[in-house]
Amino acid sequence: KTQEIVHLMGVEHELLSIVWPEGPPSRGKIQIACRDERYKLLLNECEKRKLDMLLVGHHKDDQIETFIYRLSRGSGINGLSGILPLVYQPHSPKIPIIRPLLGFSKESLQ
């Protein structure tokens with residue numbers, strides 16, 4: 001559905017897929033592994049296209065969900081700070097990941 005929408009809008013896009021050469025990660029670690037691989041894939045694509053930054057669509061509802069999840073897992077003060085608006089990943093330290101929508105609810109974006 002997303003591909004159809006961006007195509008109709010005339011937005012250049014490409015579908016990227018994660019490949020697990022050694023099979024998918026173990027069940028308990030799959031969310032972390034998928035997130036890490038997703039960012040690697042996106043940041044590699046940014047480098048390939050010579051893009052200076054990666055903007056992602058996390059919003060206020062994601063922020064609240066992350067805070068509650070981390071609170072329930074006994075996170076410390078750093079973890080409870082939630083999703084940061086700007087971060088760098090170790091494998092691609094020159095390209096910032098920016099989250100410009102953290103101040104907006106999902107409802108307000110629809």
Side-chain angles (χ1 to χ4, degrees):
K1 176 124 181 164
T2 302
Q3 276 192 297
E4 293 172 22
I5 293 169
V6 295
H7 178 73
L8 290 172
M9 295 171 66
V11 175
E12 182 183 341
H13 61 282
E14 182 177 343
L15 181 63
L16 303 174
S17 299
I18 295 173
V19 177
W20 303 101
E22 298 173 20
S26 65
R27 191 160 198 217
K29 300 177 183 179
I30 194 152
Q31 284 188 358
I32 294 168
C34 287
R35 181 189 63 228
D36 290 347
E37 288 301 312
R38 184 172 57 247
Y39 279 120
K40 281 181 193 173
L41 189 67
L42 290 168
L43 290 165
N44 286 340
E45 192 67 20
C46 286
E47 289 176 8
K48 182 173 120 184
R49 294 173 180 257
K50 299 185 183 343
L51 300 174
D52 296 333
M53 65 188 75
L54 172 63
L55 280 75
V56 294
H58 294 104
H59 47 71
K60 189 183 289 186
D61 298 52
D62 294 320
Q63 184 76 289
I64 294 166
E65 179 184 334
T66 298
F67 177 83
I68 292 170
Y69 172 76
R70 290 179 179 175
L71 182 64
S72 73
R73 304 277 294 188
S75 184
I77 194 74
N78 288 340
L80 293 178
S81 64
I83 301 172
L84 298 174
L86 185 142
V87 294
Y88 291 86
Q89 292 290 322
H91 66 276
S92 189
K94 293 181 181 178
I95 301 175
I97 299 171
I98 302 172
R99 299 179 175 102
L101 304 176
L102 286 177
F104 299 91
S105 70
K106 181 178 180 178
E107 183 180 3
S108 73
L109 295 169
Q110 292 181 333

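Only this structure's heavy atoms are used, side chains among them; waters, hydrogens and symmetry mates stay out. Quick note: residue numbers are just sequence positions, from 1.
Across every non-hydrogen atom of K106 and D61, the tightest pair is N-OD1, 2.9 Å. Contact between L102 and I83 at its shortest, heavy atoms only, is CD1-O, 3.5 Å. Between H59 and L109, the closest heavy-atom pair is CB-CD1, 3.8 Å. What you find for R38 and I18 is that their closest heavy atoms are N-CD1, 3.7 Å. Listed here is the closest heavy atom pair of D62 and G57: OD2-O, 4.1 Å. Shown here for S108 and F104, the closest heavy-atom pair between the two residues is OG-CB, 3.7 Å.
A heavy-atom distance below 4.5 Å is not found between the side chains of S75 and R73. Here the side chains of Q63 and R99 are not in contact, with every heavy-atom distance at 4.5 Å or above.
If you chain together hydrophobic residues whose side chains sit under 4.5 Å apart, L55 and L42 never meet in one group. Cluster membership check: L86 shares its hydrophobic cluster with M53, using side-chain heavy-atom separations under 4.5 Å among Ile, Leu, Val, Met, Phe, Trp and Tyr.
Taken from CG in L71 to CD1 in I68, the straight-line distance is 8.0 Å, to the nearest 0.5 Å. Here the SG-CD1 distance, from C46 to I95, works out to 5.0 Å after rounding to the nearest 0.5 Å. To the nearest 0.5 Å, the span separating CG on L80 from OH on Y69 amounts to 13.0 Å. In this structure, CG on L16 lies 5.0 Å from CD on E45, to the nearest 0.5 angstrom. For the atom pair CD of E37 and CG of L41, the computed distance is 8.0 Å after rounding to the nearest 0.5 Å.
Within a 6.0 Å radius of NE2 in H91, more than 12 heavy atoms belonging to other residues, nucleotides or ligands are found. Atom CD of E14 has more than 12 heavy atoms from other residues, nucleotides or ligands within 6.0 Å.
Between Y39 and H58, the ring-plane angle classifies as tilted under the 30° and 60° cut-offs.
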